[in-house]
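Working notes, beginning with the structure itself.
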Amino acid sequence: MITNYHTLKYLIQSIKPKLVGSVVVEAFTQEKDTLHINLEKGEDFTLELNAMGQGYIFLRPKLERARKNSVGIFPEIFGGEIVDAGIHKADRIIELSLRSGLKLLFQFFTGKVNFFLVSGDYEIISSFKSPREFEGKKFKFEKSESNYDLMVGNFEEFKKAWESVQLQNPVQKLIRVVDSIDVLLAKEILYRSGGTDLEKIWNKLGDLDFELKNPKARIYYDGIFPRYFSIVELTHVNLRKVEFEDINDAIRRFVIGTRVSRSFYDEKRAIEDKLKNLYEKTIRTIEKINEEISENQ
């Protein structure tokens with residue numbers, strides 16, 4: 001849920017005061033699918049973004065650029081001042097406006113995460129991924145409006161939308177009916193409703209809306225590793241929970257913890273594969289020895 005619409009909205013509201021008035025020192029990539037934008041505003045700090053899977057974005061202490069294997073990105077913004085920061089009203093696109101009139105667009109669509117530098121009228125000047133596919137084209141927003149407020153505020157409209165969606169899976173159905181509701185939020189709403197009564201589901205959607213408007217960052221841990229990130233209470237998840245006052249810090253911890261977890265399980269899997277191969281080789285050796293003993297008796 002680190003790039004759910006509501007999470008991104010809460011995050012950009014939280015870090016906007018630090019972003020606005022900051023000056024871009026440089027932007028570069030030195031890790032696969034990761035963009036670093038070094039900023040200065042009294043102190044140096046870095047905006048880190050990742051374009052793999054669902055992606056992520058957070059502020060961190062300044063990252064020094066490597067002398068080798070580092071590539072400059074979006075040189076047109078170097079020295080530019082950020083004058084505004086916000087999120088699109090209907091979709092997971094963060095927009096940073098520079099005093100020069102240029103804009104940075106950070107698109108967080110799962111499987112289609114990408115970062116763009118655009119002109120004032122949204123012509124794509126440069127693209128972080130697949131530049132040949134996008135550069136010179138007009139950036140197109142997939143949605144102009146969201147039905148979220150209508151669905152939360154009007155039961156009859158919610159009922160009409162629900163009945164119009166021909167899906168049996170209630171989680172997938174709820175995601176289709178209400179904009180900006182993802183799998184985790186849909187599971188929570190349905191769990192709280194206790195069944196399939198449509199009015200109860202709608203009431204729990206309203207309860208969740210209140211929490212989304214009064215968010216608190218939480219990480220749910222499976223053992224020592226992070227499993228879920230949420231800005232609302234996940235009553236359907238029976239895991240250890242840690243709450244955070246600072247959403248940026250929470251996202252950063254979640255990303256780092258997930259990396260450690262992935263590294264741990266990758267190494268564990270490699271060791272298990274080696275042990276399995278050694279075991280199978282040992283079994284074959286034993287079988288061969290037994291065959292030779294049988295033949296010589």
Side-chain angles (χ1 to χ4, degrees), residues 2-13 15-16 19-39 46-59 70-151 161 175-182:
I2 58 173
T3 54
N4 169 271
Y5 179 83
H6 300 280
T7 301
L8 290 173
K9 183 178 180 180
Y10 178 28
L11 173 65
I12 201 64
Q13 288 172 345
I15 66 176
K16 179 178 178 177
L19 289 173
V20 172
S22 66
V23 174
V24 179
V25 178
E26 60 182 344
F28 58 93
T29 180
Q30 57 192 35
E31 303 169 35
K32 182 176 173 57
D33 292 325
T34 303
L35 171 64
H36 295 101
I37 302 176
N38 281 349
L39 301 162
T46 298
L47 184 64
E48 181 172 317
L49 306 103
N50 183 272
M52 186 181 295
Q54 65 178 340
Y56 64 74
I57 174 175
F58 59 77
L59 286 178
S70 174
V71 178
I73 304 291
F74 307 147
E76 297 90 343
I77 67 172
F78 293 7
E81 180 187 355
I82 297 174
V83 295
D84 197 12
I87 188 168
H88 187 262
K89 61 182 178 180
D91 229 332
R92 292 173 291 167
I93 301 171
I94 289 175
E95 182 173 312
L96 302 187
S97 300
L98 281 76
R99 189 169 298 281
S100 64
L102 298 178
K103 300 174 184 291
L104 288 168
L105 301 181
F106 306 140
Q107 173 182 283
F108 290 98
F109 303 162
T110 303
K112 295 170 62 178
V113 180
N114 204 355
F115 315 128
F116 304 93
L117 173 64
V118 302
S119 64
D121 60 356
Y122 294 94
E123 180 180 339
I124 298 173
I125 298 169
S126 186
S127 170
F128 181 67
K129 297 179 73 174
S130 306
R132 291 183 181 179
E133 179 182 349
F134 297 106
E135 288 174 4
K137 297 180 180 179
K138 198 91 166 182
F139 184 87
K140 294 181 180 179
F141 294 94
E142 294 187 6
K143 294 180 181 179
S144 58
E145 298 290 339
S146 170
N147 75 355
Y148 176 80
D149 288 336
L150 178 63
M151 293 297 101
I175 292 170
R176 182 76 63 85
V177 169
V178 186
D179 288 347
S180 72
I181 294 297
D182 61 10

Donor-acceptor pair, distance only, cut-off 3.5 Å: does the side chain of [X] make one with the backbone of [Y]?
| X | Y | answer |
| --- | --- | --- |
| D91 | I93 | no |
| K129 | A51 | yes |
| T46 | E48 | no |
| N147 | D179 | yes |
| T29 | T34 | yes |
| R99 | E81 | no |
| K112 | F108 | no |
| E26 | F78 | no |

Non-neighbouring partners of Y5 that pass ring pair (Phe, Tyr, Trp, His ring centres under 6.0 Å), sequence neighbours left out: none
Does a donor on one side chain sit under 3.5 Å from an acceptor on the other, for N114 and S127? yes
Flag yes if more than 12 heavy atoms outside K103 fall under 6.0 Å of its NZ atom; otherwise flag no. yes
Under 6.0 Å between ring centres, would you say that holds for [X] and [Y]?
| X | Y | result |
| --- | --- | --- |
| H6 | Y148 | yes |
| F115 | F128 | yes |
| F139 | F134 | no |

Would you call E145-K89 a salt bridge at under 4.0 Å N-O? yes
Point-to-point distance, once rounded to the nearest 0.5 Å, from NZ of K140 to CD1 of I124: 10.0 Å
Before you tell me yes or no, could you show the steps for D33 and N50 under side-chain hydrogen bond (donor to acceptor under 3.5 Å, both in side chains), namely the whole-Å CA-CA distance, both residues' side-chain angles and the distance that decides it to 0.1 Å? CA-CA 6 Å; D33 292 325; N50 183 272; over 6 Å; no
Given V118, I77, L117, the one that forms side chain to side chain contact (heavy atoms under 4.5 Å, CB included) with I125: L117
